[in-house]
K.L.:
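My structure is below; once you've seen it, I'll send some questions.
Note that the structure is predicted; figures quoted are calculated from it, not measured. Chain naming here is simple, since letters A, B, ... match the order of the sequence lines and numbering starts at 1 in each.
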Protein chains: 2
Amino acid sequence: MTQHQPGAHRALPYGKLANGKLQRLLDALPPDLRLEMEGMWEYRTLSAGAVVIEDGQEAERIGYVLDGILVMVKELSDGRRHIIGLLTPYDMFGRAFNGASGYRIEALTDTQVLTCNRVQFEHLIARSIEAEQLFLRNLLDELDAAREWVIALGGAKVVQRLASLLLILSRHKFNGACGKPTFAAGQPLNLHIQLKRQDIAHYLGTSPESLSRSFHQLEGDKIIRINTPYDIDVLDLAKLTEVAGNSLLLERI
Amino acid sequence: MTQHQPGAHRALPYGKLANGKLQRLLDALPPDLRLEMEGMWEYRTLSAGAVVIEDGQEAERIGYVLDGILVMVKELSDGRRHIIGLLTPYDMFGRAFNGASGYRIEALTDTQVLTCNRVQFEHLIARSIEAEQLFLRNLLDELDAAREWVIALGGAKVVQRLASLLLILSRHKFNGACGKPTFAAGQPLNLHIQLKRQDIAHYLGTSPESLSRSFHQLEGDKIIRINTPYDIDVLDLAKLTEVAGNSLLLERI
DNA sequence: TCAAATGATTGATGGAAATCAATGAAATGC
DNA sequence: GCATTTCATTGATTTCCATCAATCATTTGA
């Protein structure tokens, strides 16, 4: 975290983490290490556009996204931007042990993150087998998530890829939610998509115009409801899965 | 590795690893651990179609691909196969610490692998900070590789995605090669693509027919030469990069 | 407040690709 | 060896999508 909003960090708000991924990780630690681990984290907010980690630099801090979206982006020599991946809530960013980043990470929206000094984190990992295994598991989850994006982008048609994206975001929302799932009962699942159509389009390998048409196709089929371009209700998860063309993305909900 | 070709494993042939990724990893270990680590590995060959790790099972062994291609595949209920990802030489497979696999891993071609007992490997990782960090670094590399596929598949046109695939395979071939690169001098780089057109098409989110046309378009532009459908010479890496639409995939050659 | 800018959407059109159908080529089995 | 199957390729047609252009909605800034 080479740049962040000054004055925006304060102590870890434990309530924010109830039922969250990090909390589940912490729960598995021995009490003494857990206390130490908890003390290491800082809560921060980032304004949209803030650079979290610069391309080619070694991250000073690592962290978790709590709310908002970070984007991994590569600036090409001709000025175009290539979006490599998205970091949504409960994803980890910054590379422990792994040197400089090959791309820039920036906040696509106003974002809330938990961060931690990288070196401090590495030392804790090195001292504790439990912490190390938690981190490894987390990393392996990230790998699965990245491979999931590959599936999502493998769809032949735009509407298929969009459906896959919405499925992934739905699951993030669902897994990150507190308490019992309200979802199986058939209520609409509300998604706050903090991406501009242009960014989504780029990420899905299509144009904003085609993307817009796909959004409205899904709405016409009663699969989603578009409240605003950034506020989507998923009405029919089964149909959405059908359109996505595979059930893989849903199996971990 | 729940199934493999009987009688096909023997002691680690050190020569095979010269200049390889694993060798570089081993070199960084303290001598005593390095000896122990080296003793853990077995060289095996797998016949095309052999199941390396079954969907839903916990891997007994983890390993590295030396030659050939493994495929991560999910069998859908209606009998179709969804290719999740490819494992090419120097990729790691099998999940340490992470429980059951969510997909099947099978050999797409006759494949040479180095494998190691998972539990033994986990114990070594737990004992040695160096080994642990090597593993972490490797895992983070895998994550980068997965994100690279996202870039490759993000291309809008079929020929673009194909070019990206060929670039990635070229780099694997190149980085895995022994000794000095013969590549910068402009010689053709020979690729043995062990995938059927249908499999490549599925992976790139297109049809075999469109894929075939893209192959021959690249050949017509003198960028590749198609000796057989499975034997491709890359004649002009610069043009190939141009068609792929970005230079990201090339930067690590 | 209003003008300007940005983003989302819609329409029209040419080009790209999926699909259907057929042929050629190679591998496989008997 | 030949028949059979599988795979790759090519052609013709339809569908999809990128692009250009225009409009509408929302946000931004003075």
K.L.:
Treating B:R161 as the side-chain partner and B:A244 as the backbone partner, does any N or O pair qualify as donor plus acceptor under 3.5 Å?
P.N.:
no

K.L.:
Roughly how many Å is it from CD in B:Q217 to C1' in C:dA16, rounded to a whole number?
P.N.:
10 Å

K.L.:
Please give, in whole Å, the distance from C:dG7 P to A:I193 CD1?
P.N.:
17 Å

K.L.:
Do side-chain atoms of A:Q112 reach the backbone of A:L66 as a donor and acceptor pair under 3.5 angstrom?
P.N.:
no

K.L.:
Can you give each donor-acceptor pair under 3.5 Å made by side-chain atoms of residues 204-216 of chain B, sequence neighbours left out, with the distance rounded to 0.1 Å?
P.N.:
residue : atom : partner : partner atom : Å
B:S207  : OG   : B:S210  : N            : 3.2
B:S207  : OG   : B:S210  : OG           : 3.2
B:S214  : OG   : B:S210  : O            : 3.3

K.L.:
Between protein and nucleotides 8-17 of chain D, map the contacts as a letter string: B base, S sugar-phosphate only, - none, heavy atoms under 4.0 Å, written 5' to 3'.
P.N.:
SSBBB----S

K.L.:
Going by the rule salt bridge (Lys or Arg N to Asp or Glu O under 4.0 Å), which residues pair with B:D231 if we only count those two or more places apart in sequence or in a different chain?
P.N.:
none

K.L.:
Just jot down the side-chain hydrogen bond (donor to acceptor under 3.5 Å, both in side chains) partners of B:D233, sequence neighbours excluded, or say none.
P.N.:
B:N190, B:R225, B:N227

K.L.:
Are the side chains of A:L114 and A:E42 in touch, meaning some heavy atoms are under 4.5 Å apart?
P.N.:
no

K.L.:
Looking at B:G94, is its backbone amide N or carbonyl O close enough to the side chain of B:R61 to form a donor-acceptor pair, meaning the two atoms are under 3.5 Å apart?
P.N.:
no

K.L.:
Compute the bend angle of the helix from C:dT1-D:dA30 to C:dC30-D:dG1 from the end axes (five pairs per end), rounded to 10°.
P.N.:
50°

K.L.:
How many Å lie between CG on B:L162 and P on C:dA16, as a whole number?
P.N.:
16 Å

K.L.:
May I have the distance from B:H202 (atom NE2) to C:dT19 (atom P), rounded to whole angstrom?
P.N.:
12 Å

K.L.:
With a 4.5 Å limit on heavy-atom distance, are the side chains of A:I193 and A:I200 in contact?
P.N.:
yes

